[in-house]
Protein chains: 2
Amino acid sequence: MRATTIRDVARRADVSVASVSRALNGHANVHPETRARVAAAAAALGYVPHAGARSLSLARTHSIGVVLPDLYGEFFSEIVRGMDRETTARGYHLLLSNMHADAELAALAMRSMRGRVDGLIVMAPQLDAAGLAAALPRDLPAVLINAAAGTGCPLLRIDNATGIDAVVAHLAATGRRAPVHLAGQEANIDGRERREAFAAAMARHLPGAPVRVVEGDFSEEAGARAVAALRAAGDPFDAIVAANDMMALGALLALRDAGTDVPGEVAVTGFDDVPLARYLSLTTVRIDLVELGGRAVVRLIERLSGSGEVDSGEAELVGAALIVRGTSAVATETRT
Amino acid sequence: MRATTIRDVARRADVSVASVSRALNGHANVHPETRARVAAAAAALGYVPHAGARSLSLARTHSIGVVLPDLYGEFFSEIVRGMDRETTARGYHLLLSNMHADAELAALAMRSMRGRVDGLIVMAPQLDAAGLAAALPRDLPAVLINAAAGTGCPLLRIDNATGIDAVVAHLAATGRRAPVHLAGQEANIDGRERREAFAAAMARHLPGAPVRVVEGDFSEEAGARAVAALRAAGDPFDAIVAANDMMALGALLALRDAGTDVPGEVAVTGFDDVPLARYLSLTTVRIDLVELGGRAVVRLIERLSGSGEVDSGEAELVGAALIVRGTSAVATETRT
DNA sequence: CTGTTAGCGCATTCAG
DNA sequence: CTGAATGCGCTAACAG
């Protein structure tokens with residue numbers, strides 16, 4: 001059976017489709033009786049407006065597209081949660097899509113959203129400004145998260161420098177002298193920034209100490225591998241400053257497996273403060289991921305409904321705060 | 001500047017819009033040269049088809065709507081992850097929406113998806129068959145997850161009975177004699193089923209022992225509260241069989257805080273096997289959440305593209321397997 | 001092979 | 001206050 005359309009309602013209420021449209025959308029200029037007849041007919045028929053047709057006519061879909069590197073892990077799900085909150089509060093919908101590392105596919109994914117959403121929230125830490133600019137559809141307003149600057153789009157960034165600086169300061173203050181940075185991919189903007197921030201922080205808080213870095217890729221396995229590599233190398237170290245929580249976790253478990261006392265011999269710190277971190281008592285840098293996602297939505301919707309006021313396009317930094325937990329607690333006296 | 005439409009492309013390639021449509025959609029009956037001219041024009045103009053208009057014309061959106069109780073927590077994000085995988089593999093998009101407990105709002109959320117998606121995946125553990133039937137739009141094919149039977153929609157259910165039975169059998173086999181069930185809400189179908197399964201399993205594996213149940217609501221806090229209540233009551237117990245992992249976690253942490261030895265004095269088990277469970281070494285029942293989400297998508301898309309072959313509408317049970325970890329390990333000898 | 005035409009379902013001009 | 005007509009952008013019949 002064909003779905004009931006506005007015409008069915010019009011016929012049953014014995015008015016024109018225009019009146020049905022006006023009545024149902026709460027326009028002022030509708031006779032009360034007409035409005036009632038329409039409402040009754042719609043109810044009787046179980047009429048539900050066709051959002052697609054509505055969108056085409058209004059040139060407004062009330063949905064926003066979200067393009068993320070991938071949907072796995074607590075990091076992303078926290079962000080999506082924040083987006084969802086703001087989005088439903090404003091009557092918008094969320095259309096998900098994950099962006100493949102390949103710029104070509106990324107562009108395809110974004111283009112496939114044209115006519116389906118009013119705007120885009122894109123998280124593309126692995127694309128540079130040029131790649132991003134090429135992939136972004138020209139006629140879709142976008143808000144970027146953790147992406148390269150210089151695309152002209154509003155941008156939300158994590159304050160990596162402040163976060164890493166706080167970590168290193170904390171370690172230095174609690175007596176650590178030989179920290180090693182467990183880095184994320186160089187191709188990832190956050191990986192790159194945190195690595196640079198580490199070097200800067202070392203110079204500030206432990207001048208003279210060597211800046212040691214082990215390569216990683218943000219995965220738990222990378223954390224374990226890094227520990228193995230460090231033990232093989234033999235150079236002593238008393239702290240691992242991981243570029244994110246999952247690597248910190250991998251390192252932490254590997255250290256404990258090997259019988260190393262954490263935090264006694266080695267301190268371990270992460271970044272992001274995913275929910276998991278609290279359970280494992282991991283010292284880390286807290287980013288309010290829910291807030292980050294929410295802000296992106298708010299900023300995009302403001303831009304969408306903005307009556308011409310242009311968004312400054314400026315990068316907005318979201319805070320990063322040190323959370324000290326068990327993996328970096330001051331070593332208690334070891335000697336009896 | 002107006003976005004470029006199919007007409008702009010037609011004008012530039014000096015052909016009709018019909019030819020552009022045919023060429024771009026890879027229809028056979030297009031002259032090679034025409035096809036090339038169209039492709040060139042489209043590329044030059046940076047033309048991207050308007051998905052909304054396309055949907056209206058084709059009566060097919062290539063998106064599927066997902067309605068979940070809420071998007072928080074690992075439980076849901078794992079499911080969404082599975083959906084995303086199958087969905088992108090098939091060229092579909094995912095439109096998220098969270099369902100409020102209120103049946104009225106739930107109905108609204110689902111209706112707002114009409115004309116926006118081709119079908120729905122609904123997870124509504126708290127609605128009964130009647131409520132669900134009332135909320136589901138009549139013209140949108142739907143697949144249900146963890147919902148009441150009898151709506152006529154294909155249904156995916158977790159095998160709660162098998163899972164709980166395995167837990168109780170394991171506890172009985174390892175010497176536990178006084179387990180307590182930490183239940184989910186009675187209004188939640190999984191909460192109800194697991195509670196009933198617990199009683200049945202007790203009768204089978206520990207005949208004669210009392211069936212003890214403490215009320216909870218699937219939250220971590222409920223786990224802590226339950227432990228407090230049990231200690232206050234004073235009745236001895238040697239195992240907590242929680243209806244989900246988060247409650248098990250809450251109970252576990254509360255027990256340890258109180259100095260109770262887990263698993264020495266009390267064993268703790270969960271249900272779901274969220275990623276967190278592995279890190280905390282929680283014995284639990286593993287459900288392949290990713291697979292669950294994926295199956296739902298596959299089943300829905302099959303139904304959407306099914307040439308009339310009616311889905312049996314039968315409930316499909318997804319497996320649940322016991323995972324023994326540290327919180328229920330056989331107590332090692334306590335005496336020296 | 002190609003162009004013309006008629007919708008998809010709805011909101012909105014513009015006349016009455 | 002209401003109805004008839006037009007168009008959103010695209011695809012699919014139907015003729016050429």
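By convention in this document, chain letters (A, B, ...) are assigned in the order of the sequence lines, proteins followed by strands, and residues within each chain are numbered from 1.
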Check your understanding: Can you tell me if the side-chain N/O atoms of B/Arg54 get under 4.0 Å from OP1 or OP2 in D/dT11?
Key -> yes

Remember a base hit wins even if backbone is also touched, and classify A/Ser21 as base, sugar-phosphate or nothing at under 4.0 Å, heavy atoms.
base

- Task: Tell me what B/Val20 touches on the nucleic acid: a base, only sugar-phosphate, or nothing, going by heavy atoms under 4.0 Å.
- Result: nothing

Only residue of A/Val298, A/Leu304, A/Ile64 satisfying side chain to side chain contact (heavy atoms under 4.5 Å, CB included) with A/Arg90 is A/Val298

Using a heavy-atom cut-off of 4.0 Å across all strands, would you classify B/Ser55 as base, sugar-phosphate, or nothing? nothing

With a 4.0 Å limit, can you tell me whether A/Ser16 has a side-chain N or O closer than that to the phosphate oxygens OP1/OP2 of D/dA4? no

| task | Could you tell me whether B/Arg22 contacts a base, only the sugar-phosphate backbone, or nothing, with contacts defined as non-hydrogen atoms closer than 4.0 Å? | result | base

### Task
Determine the contact category for B/Ala18: base if any of its heavy atoms lies under 4.0 Å from a base atom, sugar-phosphate if only primed atoms, P, OP1 or OP2 are that close, otherwise nothing.
base

Checking D/dG9, C/dC10, D/dT2 against the side chain of A/Pro49 (C-beta onward), the nearest is C/dC10

Presence of A/Ser19 side-chain N/O under 4.0 Å of D/dG3 phosphate oxygens OP1/OP2: yes

Taking C/dC1, D/dC10, C/dG9 as options, the one with an atom nearest any side-chain atom of B/Thr34 is C/dC1

Look at the side-chain N and O atoms of A/Asn29 and state whether any lies under 4.0 Å from the OP1 or OP2 oxygen of D/dT2.
no

Worksheet item: Taking NZ, NE, NH1 and NH2 as the nitrogens, is one of them in A/Arg81 or A/Asp84 under 4.0 Å from a carboxylate oxygen of the other?
Response: no

C/dC1 phosphate, OP1 or OP2, under 4.0 Å from B/Arg37 side-chain N/O:
no

